[in-house]
2 protein chains.
Amino acid sequence: MNVTGRTRRPASIRDVATAAGVSYQTVSRVINGHPSVKPATRDRVLAAIDELGFRRNATALALASGRSRAVTVLTANTTHYGYASILQGVEEAARAASYAVGIGVLESAEEAAVAAEVQRAADAGGGLIVIAYDPAGVRALAAVPAELPVVGVVETPASPPGEDRPWVWTDDREAAYEVTRHLLSLGHETVHYVAIPSSTRRTSARTSGWREALRAAGAPEPRPLQGSWGPAGGHTAGRRLAKDPAVTAILCGNDDLALGVLRALHEAGRSVPDEVSVAGFDDAPHAAYLTPSLTTVRLDFTGLGRAAFALLHGAMEESAQVAPHPVSVPELVIRESSGPSRR
Amino acid sequence: MNVTGRTRRPASIRDVATAAGVSYQTVSRVINGHPSVKPATRDRVLAAIDELGFRRNATALALASGRSRAVTVLTANTTHYGYASILQGVEEAARAASYAVGIGVLESAEEAAVAAEVQRAADAGGGLIVIAYDPAGVRALAAVPAELPVVGVVETPASPPGEDRPWVWTDDREAAYEVTRHLLSLGHETVHYVAIPSSTRRTSARTSGWREALRAAGAPEPRPLQGSWGPAGGHTAGRRLAKDPAVTAILCGNDDLALGVLRALHEAGRSVPDEVSVAGFDDAPHAAYLTPSLTTVRLDFTGLGRAAFALLHGAMEESAQVAPHPVSVPELVIRESSGPSRR
DNA sequence: CTGAAAGCGCTTACAG
DNA sequence: CTGAAAGCGCTTACAG
């Protein structure tokens, strides 16, 4: 609100300069915290900034300086718990650093569509965080032009990646190993696995961890069942597993799959955990409230998102360098859905 | 990849002009689809664009033209089903229109914090979509400067808003009315209600619809219980309701609350739907797979997000004007958790 | 149909 | 410590 009552155009650096009786370069120095400004001058400028409600135009800043305080998250999904939580973590950290956060959804894994999305994200300016938990994300990460700052949120790599790979992940393999061992320790002969879709043609980290635990225990290694990301896929897989009386323990690639499996077992009249134990992955908000409540592995997705941003932030500003490859440690949460084998 | 092997700076309009042997203004005309360009010239420019891999710099475009093809979604939450789905809908529509989408989270409902977030969103340039389902969102919507294009995703307004209110909503009141009537039609004497937090001090649309249905049926009107957004709040409310043997039907403000209520009833040994019927709101992905599967009302949140974007898009570009106040119609989904009263 | 000029709101050297 | 110039990559009138 100014005296004339008209506030069409926001105050610019020149308006502030006029009001403070200095040149606009001096205003630029003040808003950039440049040291060589006489305190009295600075105060006058600050007063003018305050009076006019001046805010530095981010677009002009980006164009003139060639760098923009922005990050775009590229993801195949925004509603699943893990994805949404990573996005939340990125936003939290970005907000704290006064970065704008954009989002681009990879609706298709088709090469051309992915390339187009990466271009859109690049056009937005700033850095990129790519969630590479699925084929679309993996392709997007690979398609990012070399000159763009980028951090990938990836599955646990099979082997330690080079220092130059700006990646973050949770230790899914270890998590899968732990929860599988928990189920085996209850006396189950083996553990069946309903997998989330894998990001590549290679075996996923969760699948590896599960298999290693079976191997270590000398347990039979059944073929993993392919699920999807949601409960419907778990339900389909659960119906097949429910038919086999030898199945007494099922690990699911995430809590939504587990929900579908629980439902399928219920429909087949097989009680959990008395006849079959079930465990999930993620510790989504609903896991604790299902009946039976779900044994699962808690993963710190928001922390992962924050770590991804921190890494990117370090790459985009010479200050605040961050250690590469942050890894968050999973935590086994034992609830009602897993119990002793009755065989 | 160019011949020199160096691709530091992306091609600009001037690079294209040089390559095509025209002035850069002509290039501008071509990329803006201006009619008065000789076909032969246009072709040469197009060829140069293609060859150099030119992409128009969005930052410069925004600065020079004063308008930016971007929308920022302001929301208190990114993980709850409804919020996340609206965001997804906005992104879908924005992508189709080649708009960038940003996101700002309102972590606090405190006036100053909200104002700061609105400022950040305004700084990003472009239009705003504010999800005003909670106090933070309502305040943010009110705090948006008049000169900014904005669309509010709101609860069903108590009275028809003016044509100048660019708002979208689902018909929550009607939805609550329908599902309450469904429960009453099963013979329940009345229906208890576990509410989501209301966006303002006034009664929410869902609460109104529930109350109207009770009133129309001449049923007693119990006080609504205050819940939260997640299952924990439902669990707390459910424990209290479980103690009262007169309670035979419970409506919940969303499916997550219903999950907590189901759990509390289970813990109290009250069977659903034999002793108590439960219904939710939203038809979140897990609703169909719970045991018992959840009766609920399906709301088209992604459609709502798309509508919000369409309205904003119409306001930001003179073309494609859209009818104000899009409303999506809810759909009752009857599942196992509701059944006849046994009283 | 096409070119030369001015400007969007800033920053980055360059002067003094 | 502070000011005048040039420029970021575009668009928008203005000429011809």
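Just so it is clear: chains get the letters A, B, ... in the order the sequence lines come, proteins before strands, and each one is counted from 1.
- Of all nucleotides listed (C/dC10, C/dT11, D/dC10), C/dT11 comes nearest to the side chain of A/S65.
- Between A/Y99 and A/F309, the ring centre distance stays below 6.0 Å.
- Distance, A/D15 CG to C/dC8 C1': 13 Å, rounded to whole Å.
- If you check D/dG16 for Watson-Crick or wobble pairing at under 3.5 angstrom, you find it paired to C/dC1.
- Straight-line distance from the CD1 atom of A/I49 to the P atom of C/dC10: 10 Å, rounded to whole Å.
- Looking at the side chain of A/K38, the nearest of the listed nucleotides C/dC1, D/dC10, D/dT2 is D/dT2.
- Within 4.0 Å (heavy atoms only), B/R42 reaches no atom of the nucleic acid at all.
- Here C/dA15 presents its P atom at 15 Å from CD of A/Q25, a figure rounded to the nearest Å.
- Atom CD1 of A/I13 is separated from atom P of D/dC8 by 18 Å (rounded to the nearest Å).
- For the pair A/H34 NE2 and D/dG3 P, the computed distance is 13 Å after rounding to whole Å.
- Contact check, A/S28 against C/dT11: a side-chain N or O comes under 4.0 Å of OP1 or OP2.
- Taking OG1 from A/T75 and CD1 from A/I86, the interatomic distance works out to 7.5 Å, rounded to the nearest 0.5 Å.
- Summary of the strand contacts: B/R14 and B/V37 both lie near DNA chain C, and taking for each the nucleotide with the nearest heavy atom, the more 5' one is attributed to B/V37.
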- Task: Quick one: do A/L74 and A/I131 satisfy side-chain contact (heavy atoms from CB on, under 4.5 Å)? Show the steps, please.
- Result: CA-CA 6 Å; A/L74 231 35; A/I131 303 183; over 6 Å; no
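- What separates CZ of A/R69 from P of C/dC10 is a distance of 16 Å, to the nearest Å.
- Computed from coordinates, the B/D43 CG to C/dC1 P distance equals 13 Å when rounded to whole Å.
- A salt bridge links B/R120 to B/E117: one of the charged nitrogens lies within less than 4.0 Å of a carboxylate oxygen.
- The phosphate of C/dT2 has OP1 or OP2 within less than 4.0 Å of a side-chain N or O from B/T41.
- Look at A/S23 and you won't find any side-chain N or O under 4.0 angstrom from OP1 or OP2 of D/dA4.
- Residues B/E110 and B/R139 are not paired through a salt bridge, judged by the lack of any N-O separation under 4.0 Å between the basic side chain and the carboxylate.
- A residue-by-residue look at B/R29 and B/T59 shows that B/T59 has its nearest nucleotide of DNA chain D further toward the 5' end.
- Between B/N32 and D/dT11, a side-chain N or O to OP1/OP2 separation shorter than 4.0 Å is present.
- Computed from coordinates, the B/L63 CG to C/dT11 P distance equals 12 Å when rounded to whole Å.
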